[in-house]
Amino acid sequence: MTEIRLTNSKTHRKEVLQPLDPANVRMYLCGPTVYDRAHLGNARPVVVFDVLYRLLRHVYGPEHVTYVRNFTDVDDKINAAALARKEAGAAGTLEALIRERTEETIGWYHADMDALGALRPTHEPRATEYIGQMVAMIEGLIARGHAYAAEGHVLFDVRSYPDYGALSGRSVDDMIAGARVEVAPYKRDPMDFVLWKPSSDDLPGWESPWGRGRPGWHIECSAMSDALLGPSFDIHAGGIDLQFPHHENEIAQSMCVHPEAEFAKVWMHNEMLQVEGKKMSKSLGNFFTVRDLLDKGVPGEVIRFVLLGTHYSKPMDWTAEKAEEDEAQLRRWLRAASNAKRSAITDDLIATIANDLNTAGAREIVNQQFQALELENLRGSLEFLGLMREGILPEWADSIREVYELNAIVCQPRHREYLPAILKILERWKEHRLRKEFRLADELKAAALEAGVELRVTPQYAEADTTSHRLNPAKLEALK
RNA sequence: GGCGGGUUGGCGGAGAGGUUACGCAGCGGAUUGCAAAUCCGUGAAGACCGGUUCGAUUCCGGUACCCGCCUCCA
């Protein structure tokens with residue numbers, strides 16, 4: 001059996017994965033808070049850990065892996081978004097608007113992540129469907145002396161859990177010295193965090209032993225992983241920014257409710273994504289969603305390919321140049337692979353991925369398969385990596401070739417309607433060349449390239465090719 | 001201030017204690033009116049300072065710089 005080695009953030013070491021139960025390998029990924037479209041940074045853990053999911057399914061069998069990724073659909077930002085819509089005159093109760101908003105966002109999320117080739121997890125629980133379990137967990141924490149109620153809130157008592165801070169390498173005292181903690185009169189310790197908080201009448205709330213209220217941020221992941229994976233499971237993953245406080249607090253909650261369990265054996269964290277060398281932020285103006293990229297014409301497979309180009313443990317930089325380069329390379333691979341009748345998965349590909357998800361290294365293996373024209377292996381690799389589905393060439397990578405006497409046009413199938421326009425330009429270019437008006441010919445060629453059409457000659461034909469460039473219909477029209 | 005990550009050739013980006021990463025770009029050649037594509041060939045690296053070692057870009061320590069987290073942002 002393939003040995004999978006993963007870097008465990010808990011121990012800072014690469015460890016051999018030894019599942020608690022090989023017949024049911026269990027992983028949990030912190031999912032989105034559903035108040036808005038997923039941005040590109042949200043996509044990195046989804047794609048990276050989708051590769052892990054695929055690897056586990058390959059090694060242990062698809063029916064022996066359980067993958068849980070939650071939707072956090074109770075949150076102040078969701079409330080704020082719904083409230084803003086209500087104030088803007090939207091009809092319906094606030095509760096209905098919230099439901100509408102979260103439903104809509106989950107739909108977007110699925111569409112966007114599907115486009116990136118991410119498999120749907122086994123379970124996608126919504127926090128609002130696990131309020132009962134959260135309340136029960138909080139009651140358990142109070143009963144065991146790890147939490148206390150105060151002024152309608154319930155707080156976790158960090159001093160009651162000696163290992164608090166172990167995952168992120170902090171001590172409670174150090175963090176208080178940093179002094180960037182919310183001080184509230186009802187807290188016993190400034191680091192104590194909220195498990196339950198009261199809701200006013202105009203906010204979503206649930207009845208509880210502490211009055212009408214709603215859960216704190218971290219408890220939902222503890223409750224849902226417990227309900228769906230049990231008190232001990234194999235892998236818990238997420239972005240490095242969640243390591244503290246979110247994951248630290250999850251550990252505290254879960255370990256204190258189930259002292260006999262070990263919660264997650266392996267913790268995995270992906271490093272952050274940057275855009276053109278800078279942190280992605282709305283204020284810098286380099287903030288964009290997955291949908292923005294897709295709408296701009298960057299294929300989902302290409303986004304995925306770029307994300308897999310850097311090891312998950314390193315900061316990764318998204319640049320437009322990288323996306324273009326990778327699109328050209330992936331197109332060549334896909335076209336070659338689409339000629340394969342079958343797919344085969346090679347051991348060296350699996351071994352490379354099994355080595356702490358070395359997806360960048362896997363790209364080299366795929367490139368070797370491409371160079372050696374091992375088409376079945378190439379197709380198998382691309383399918384395994386989620387870059388191709390059943391050997392089918394995606395439309396963006398496809399091309400048709402139309403021949404008109406001595407002219408040939410190569411373009412994507414969806415650009416068929418522009419064939420007459422392209423042919424006109426091609427003929428004009430040929431005319432210039434026959435008359436040896438090379439300056440005019442070169443000018444036209446440059447302008448055509450601007451419009452996304454490349455002109456060239458082959459031994460048989462004068463050719464126009466639009467497949468390596470983004471066709472710009474407006475500029476094309478202007479050239480006619 | 002505390003904690004964590006990074007630093008490889010023009011750019012992107014891996015593995016391995018000693019043998020070519022690879023891709024893109026570049027350069028030379030074939031080809032072309034010029035190009036493009038393709039094919040053949042080719043130069044180029046390991047932030048800095050120490051240590052371990054027969055030998056380190058790879059292990060250890062330190063320095064510098066960059067980035068992130070400590071503010072319910074993956």
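Below, chain A is the first sequence line, B the second, and so on; all start at residue 1.
- Side-chain atoms of Leu242(A) lie closest to rA74(B) of the nucleotides rG23(B), rA74(B), rG33(B).
- With distances taken from any side-chain atom of Glu364(A) to the nucleotides rA35(B), rA14(B), rA21(B), the minimum falls on rA21(B).
- Separation of the C1' atoms belonging to rA74(B) and rG61(B) is 34 Å when rounded to the nearest angstrom.
- Nucleic acid contact class of Thr72(A) (heavy atoms, under 4.0 Å, all strands): none.
- By the 6.0 Å and 45° rule, Arg433(A) stacks over the aromatic ring of Trp429(A).
- Nucleic acid contact class of Gln274(A) (heavy atoms, under 4.0 Å, all strands): sugar-phosphate only.
- The residue Asp465(A) sits apart from the nucleic acid: no heavy atom pair falls under 4.0 Å.
- Here the nucleotide nearest the side chain of Ala360(A), chosen from rG33(B), rA35(B), rG13(B), is rG13(B).
- With a cut-off of 3.5 Å on both Watson-Crick or G-U wobble distances, the partner of rG41(B) is given as rC27(B).
- In this structure, rA47(B) forms a base pair with rU63(B), meeting either the Watson-Crick or the G-U wobble geometry with both donor-acceptor distances under 3.5 Å.
- A gap of 13 Å separates the C1' atoms of rU63(B) and rU7(B), to the nearest Å.
- Between Pro245(A) and Gln371(A), the one whose closest nucleotide on RNA chain B sits nearer the 5' end is Gln371(A).
- Heavy-atom nearest nucleotides on RNA chain B were determined for Lys322(A) and for Asp75(A), and the one closer to the 5' end corresponds to Lys322(A).
- At a threshold of 4.0 angstrom between heavy atoms, the contacts of Thr352(A) with the nucleic acid are absent.
- For rC3(B), the OP1/OP2 oxygens have no side-chain nitrogen or oxygen of Ser168(A) closer than 4.0 Å.
- Atom OH in Tyr35(A) sits about 10 Å away from atom C1' in rA74(B), given to the nearest Å.
- To the nearest angstrom, P of rA35(B) lies 9 Å from NZ of Lys445(A).
- With rC22(B), rC69(B), rC72(B) as the choices, the nucleotide that has an atom nearest any side-chain atom of Lys197(A) turns out to be rC72(B).
- Just one residue in the list Asp50(A), Asp326(A), Thr359(A) forms a side-chain hydrogen bond (donor to acceptor under 3.5 Å, both in side chains) with Arg304(A), and that residue is Asp50(A).
- Test Thr128(A), Thr105(A), Thr33(A) against Asp73(A) for side-chain hydrogen bond (donor to acceptor under 3.5 Å, both in side chains) and you get one pass: Thr128(A).
- Across the P atoms, rA47(B) and rC11(B) are found 13 Å apart, a figure rounded to whole Å.
- Within 4.0 Å (heavy atoms only), Gly41(A) reaches at least one base atom of the nucleic acid.
- Across rG28(B) and rA35(B), the matching P atoms stand 11 Å from one another, rounded to whole Å.
- Distance Tyr28(A) OH to rA74(B) C1': 13 Å, rounded to the nearest Å.
- With distances taken from any side-chain atom of Glu325(A) to the nucleotides rG23(B), rG4(B), rC70(B), the minimum falls on rG23(B).
- Closest approach to the Asp241(A) side chain among rC22(B), rC69(B), rC72(B) is made by rC69(B) (side chain taken as heavy atoms from C-beta onward).
- Nucleotides rC24(B) and rA14(B), compared at atom C1', are 15 Å apart to the nearest Å.
- Residue contacts shown for Arg363(A) are absent, as no nucleic acid heavy atom lies under 4.0 Å away.
- Nucleic acid contact class of Asn42(A) (heavy atoms, under 4.0 Å, all strands): base.
- For the P atoms, the distance from rU58(B) to rU19(B) is 13 Å, rounded to whole Å.
- Nearest nucleotide to the side chain of Phe244(A), out of rG68(B), rA14(B), rC69(B): rC69(B).
- Residues Gln369(A) and Asn377(A) have side chains that never bring a donor and an acceptor to within less than 3.5 angstrom of each other.
- Tyr312(A) pairs in a side-chain hydrogen bond (donor to acceptor under 3.5 Å, both in side chains) with only one of the listed residues (Asn270(A), Asp356(A), Asn358(A)), which is Asp356(A).
- Note: Phe71(A) and His110(A) have perpendicular aromatic rings, judged against thresholds of 30 and 60 degrees for the angle between ring planes.
- Across all strands shown, rG33(B) forms no Watson-Crick or G-U wobble pair with both distances under 3.5 Å.
- In this structure, Arg363(A) is positioned above the aromatic face of Phe305(A), its NZ or CZ under 6.0 Å from the six-membered ring centre and within 45° of the axis.
- As a whole-Å value, the separation of Asp356(A) CG from rA14(B) C1' is 13 Å.
- One P atom belongs to rC59(B), the other to rG5(B), and the distance between them is 14 Å to the nearest Å.
- Among rC22(B), rG33(B), rA37(B), the nucleotide with an atom closest to any side-chain atom of Arg433(A) is rG33(B).
- With a cut-off of 3.5 Å on both pairing distances, rU20(B) has no Watson-Crick or G-U wobble partner at all.
- The separation between Glu271(A) atom CD and rC66(B) atom P is 17 Å, rounded to whole Å.
- Taking 3.5 Å as the limit, the base of rG12(B) and the side chain of Asp317(A) contain no donor-acceptor pair of atoms between them.
- Here rG33(B) is the nucleotide among rG6(B), rG33(B), rA74(B) with the atom lying nearest to any side-chain atom of Trp429(A).
- Heavy atoms of other residues, nucleotides or ligands lying less than 6.0 angstrom from NZ of Lys14(A) number more than 12.
- At a cut-off of 3.5 Å, with distance as the only test, no side-chain donor of His146(A) or Tyr161(A) sits close to an acceptor on the other residue.
- Rounded to whole Å, the distance from NE2 on His311(A) to P on rU7(B) is 12 Å.
- Lys314(A) has a side-chain polar atom (N or O) that falls below the 4.0 Å cut-off from OP1 or OP2 of rU7(B).
- Look at OH on Tyr461(A): it is 19 Å from C1' on rU32(B), rounded to the nearest Å.
- For the OP1/OP2 pair of rG33(B) and a distance below 4.0 Å, the side-chain nitrogens and oxygens of Arg435(A) include no atom meeting the criterion.
- The CG atom of Leu273(A) sits 17 Å away from the P atom of rG6(B) (whole-angstrom rounding).
- Remark: rC3(B) base-pairs with rG68(B); criterion is Watson-Crick or G-U wobble with both hydrogen-bond distances under 3.5 Å.
- Val194(A) comes within contact range of no nucleotide atom at all, as no heavy-atom separation falls under 4.0 Å.
- Comparing rG41(B) with rG33(B), their P atoms sit 26 Å apart, to the nearest whole Å.
- Within the structure, every side-chain polar atom (N or O) of Gln329(A) is placed at least 4.0 Å from both OP1 and OP2 of rG12(B).
- Residue-level contact check: Leu455(A) touches the bases, meaning some heavy atom is under 4.0 Å from a base atom.
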